Trainee: 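To start, I am sharing the structure in question, which I have written as structure tokens.
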Amino acid sequence: MAVADPPTVADPVTKVSARWISGFCLAVVGTFVGWYGPLQILLAKQADAFDPAGKESVLAVVALLGATVSLLANPVWGALSDRTTSRFGRRIPWVVVGTVGGVAGLLVLAAADGIGLMIIGWCLVQLTLNAPLAALSAAIPDQVPVAQRGTAGGYFGLAQMFGVMAGTGLAVAGGSIVGGYVACAAFVLLAPLPYVLLGKDTVITERPPWHWRAFLSGFWISPRRYPDFAWAWFTRFLMNVSNAIALLYLLFYLKDGVRIEDPETGVLILTVLDACTMLITVMVAGVWSDRIGRRRVFVFGSGVIMAVAAMLLAVWPTWAGAVTAAIVLGVGFGAYTSVDFALITQVLPRAADRGRDLGVLNVANTLPQVLAPVVAAPIVRHLGGYPMLFSVSALVALVGALLVYRIKSVR
């Protein structure tokens, strides 16, 4: 294990091994199974079961509360991992703790007999699974040199999509709401074991001084002092707002807008198609961006493609339109996922605070989940329905794509 005190934590120079990448990716898959089995299928089914007439509002409330917890949890877990002096490393302990908590939350959801327990279970999942996400995100700048980060970001994005696909598949294969949650919980528990047992982590031998005021104030990263960090945050925020408001009601869109007979299987098919397209672009874009040393053009292009996918859903509300949009979205979001992560690791203010600073950037992933129900529910119910919802999604993606060029320190 590498040993370094916080003030001297430096960028790595040795490329990571295929073994490390494999274990890392499997751990990421497990975390995203714990999120997207519920998000894609199970939470919507529970909302429909508990309140068929008000299912959209129930899902919106549950998603809003869970995302609020996630919003606060991720940067805190990241900051705590920066300070961890365990002999096992500063990231791996939080992968273990968060995984166990995530499994507990999924089992609470499985046992839920009403909306109240559903909210508690989902908030517990969001609280605890953000610990492994924060730790695994910080492991890339901890372990991977800059010249390999586009490729590593590609694997990271690939693992996320496998997690979405596997979570959706397990939720459907479980055969029931309870069975789906149990299947996801089992996978979440087992997936990080190879990464944890590999034991490759950065160890710090001296914990930084603790002051509550300094700890809390550290979460504010001045846009004036670090403008590229601020623009990277805002670009990521807009891209994720676009994605979140488009995907929140996908099951209901297929059921009530496209009117297919089996919307649950429809979500699974679209997820697989999206993932298969991403399997290609997420790696191609990441490796290509490493080779030419450019990031921004890929982020811009992916935002334009994501906007096209959203507009297809807006103007072509058929099964063929949904299939086409899923394939187009996979092209755009695959490129975005890998290259944007590489970009943000290059604008972090301080190596010693990578976990915290990536946690602040990850707020740009989770805050849109808080806003999506607030934005999407009134649009669907009162302001133009699904065509307007997907048009708004397209517009937001385009604005986010344009703003990436405000980042000056990354080509």
Side-chain angles (χ1 to χ4, degrees), residues 16-40 70 73-74 77-78 81 89-103 106 125-126 128-144 148-170 184-201 236 240 243 271 274-275 278-279 281-283 285-286 330 333-334 336-342 344-345 354-355 358-359 361-362 365-366:
V16 292
S17 67
R19 185 182 177 192
W20 184 89
I21 289 174
S22 299
F24 172 84
C25 287
L26 187 57
V28 173
V29 170
T31 300
F32 277 78
V33 163
W35 271 321
Y36 281 91
L39 279 172
Q40 294 283 84
S70 179
N74 192 273
W77 291 127
S81 73
R90 57 179 183 163
R91 313 298 184 195
I92 285 178
W94 299 103
V95 173
V96 174
V97 169
T99 296
V100 173
V103 169
L106 290 168
V125 169
Q126 290 279 38
T128 53
L129 285 185
N130 267 284
L133 177 64
L136 292 166
S137 297
I140 290 183
D142 277 354
Q143 305 291 334
V144 182
Q148 196 185 10
R149 285 184 193 167
T151 303
Y155 282 114
F156 191 34
L158 200 64
Q160 291 177 40
M161 268 319 300
F162 268 118
V164 174
M165 187 166 53
T168 306
L170 287 167
C184 289
F187 191 96
V188 170
L189 183 63
L190 297 175
L193 287 178
Y195 179 77
V196 171
L197 294 175
L198 183 62
K200 182 177 173 57
D201 199 357
R236 171 170 272 215
N240 281 283
N243 198 50
T271 302
D274 180 68
M278 279 192 67
L279 292 179
T281 59
V282 75
M283 290 307 305
F333 201 68
Y336 171 76
T337 299
S338 58
V339 181
D340 181 68
F341 190 84
I344 65 174
T345 66
R354 287 171 178 147
L358 280 169
L361 279 164
N362 281 333
N365 294 342
T366 52

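This is a predicted model, so every value here is computed, not measured.
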Trainee: Under a 3.5 Å distance rule, please check whether T128 uses its side chain to pair with a backbone N or O of G102 as donor and acceptor.
Mentor: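 Yes, the answer is positive, given that a donor and an acceptor are paired below the 3.5 Å cut-off.
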
Trainee: I would like to know whether F341 and R149 meet side-chain contact (heavy atoms from CB on, under 4.5 Å); could you show each step before the answer?
Mentor: CA-CA 8 Å; F341 190 84; R149 285 184 193 167; over 6 Å; no

Trainee: At their closest point, which heavy atom of F32 faces which heavy atom of V164, and how far apart are they?
Mentor: CB-N, 4.4 Å

Trainee: Please determine, by modelled atom types, if R91 and S81 share a side-chain donor-acceptor pair under 3.5 angstrom.
Mentor: yes

Trainee: Would you say the side-chain atoms of N362 and N365 include a donor-acceptor pair closer than 3.5 Å?
Mentor: yes

Trainee: Please determine whether side-chain contact (heavy atoms from CB on, under 4.5 Å) holds for the pair F162 and V33, giving the CA-CA distance in whole Å, both sets of side-chain angles, and the decisive distance to 0.1 Å.
Mentor: CA-CA 8 Å; F162 268 118; V33 163; over 6 Å; no

Trainee: G330 and D274: which non-hydrogen atoms are nearest, and at how many Å?
Mentor: N-OD1, 3.0 Å

Trainee: Can you tell me how far apart CG (L358) and OG (S137) are? Round to the nearest 0.5 Å.
Mentor: 6.0 Å

Trainee: Please say which of V125, L189, L190 ends up in a side chain to side chain contact (heavy atoms under 4.5 Å, CB included) with V103.
Mentor: L189

Trainee: Which residue in the set L129, L133, L361 passes side chain to side chain contact (heavy atoms under 4.5 Å, CB included) when paired with N74?
Mentor: L133

Trainee: For side-chain contact (heavy atoms from CB on, under 4.5 Å), just list the numbers for F333 and N243, CA-CA rounded to whole Å, side-chain angles, deciding distance to a tenth of an Å, and then say yes or no.
Mentor: CA-CA 9 Å; F333 201 68; N243 198 50; 4.0 Å; yes

Trainee: Mind listing the closest non-hydrogen atom pair of C184 and G37 along with its distance?
Mentor: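 Looking at all heavy atoms of both residues, the shortest contact is SG-CA, 4.0 Å.
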
Trainee: Testing the basics here: between G23 and Y195, what is the closest heavy-atom pair and its distance to 0.1 Å?
Mentor: O-CB, 3.3 Å

Trainee: I'd like to check T337 versus F156 (side-chain heavy atoms, cut-off strictly below 4.5 Å). Are they in contact?
Mentor: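 No, every pair of side-chain atoms sits at 4.5 Å or beyond.
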
Trainee: Which heavy atom of L136 sits nearest a heavy atom of F24, and at what distance?
Mentor: O-CE1, 3.1 Å

Trainee: Using only heavy-atom distances, determine whether the side chains of T271 and Q40 contain a donor-acceptor pair under 3.5 Å.
Mentor: yes

Trainee: Measure the shortest side-chain to side-chain distance between P38 and L106 over non-hydrogen atoms and say whether it is less than 4.5 angstrom.
Mentor: yes

Trainee: Are T31 and V188 side-chain neighbours, meaning at least one heavy-atom pair lies under 4.5 Å?
Mentor: no

Trainee: Quick one: do Y155 and M283 satisfy side-chain contact (heavy atoms from CB on, under 4.5 Å)? Show the steps, please.
Mentor: CA-CA 7 Å; Y155 282 114; M283 290 307 305; 3.7 Å; yes

Trainee: What's the separation between atom CG in L26 and atom CG in L198, rounded to the nearest 0.5 Å?
Mentor: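 These two atoms lie 12.0 Å from each other.
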
Trainee: Would you please test R236 and D340 for salt bridge (Lys or Arg N to Asp or Glu O under 4.0 Å) and show each step?
Mentor: CA-CA 8 Å; R236 171 170 272 215; D340 181 68; 2.9 Å; yes

Trainee: Tell me whether R354 is salt-bridged to D142, with the criterion being a basic N under 4.0 Å from an acidic carboxylate O.
Mentor: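 Yes.
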
Trainee: How far apart are the closest heavy atoms of D201 and P93, and which atoms are they?
Mentor: OD2-CD, 4.5 Å

Trainee: Is there side-chain contact between Y36 and L170, with heavy atoms separated by less than 4.5 Å?
Mentor: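 Counting from C-beta outward, Y36 and L170 never come under 4.5 Å.
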
Trainee: Atom SG in C25, atom CH2 in W20: separation rounded to 0.5 Å?
Mentor: 8.0 Å

Trainee: Just so I know, are the side chains of V28 and P192 near enough to count as touching, which here means a heavy-atom distance under 4.5 Å?
Mentor: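 Of all side-chain heavy-atom pairs linking P192 with V28, none is under 4.5 Å.
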
Trainee: Starting at NZ of K200, measure out to CZ of R19 and round the result to the nearest 0.5 Å.
Mentor: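 Result: 11.0 Å between the selected atoms.
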
Trainee: Without swapping roles, check the side chain of T345 against the backbone of A342 for a donor-acceptor pair under 3.5 Å.
Mentor: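 Here the side-chain-to-backbone pair exists.
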
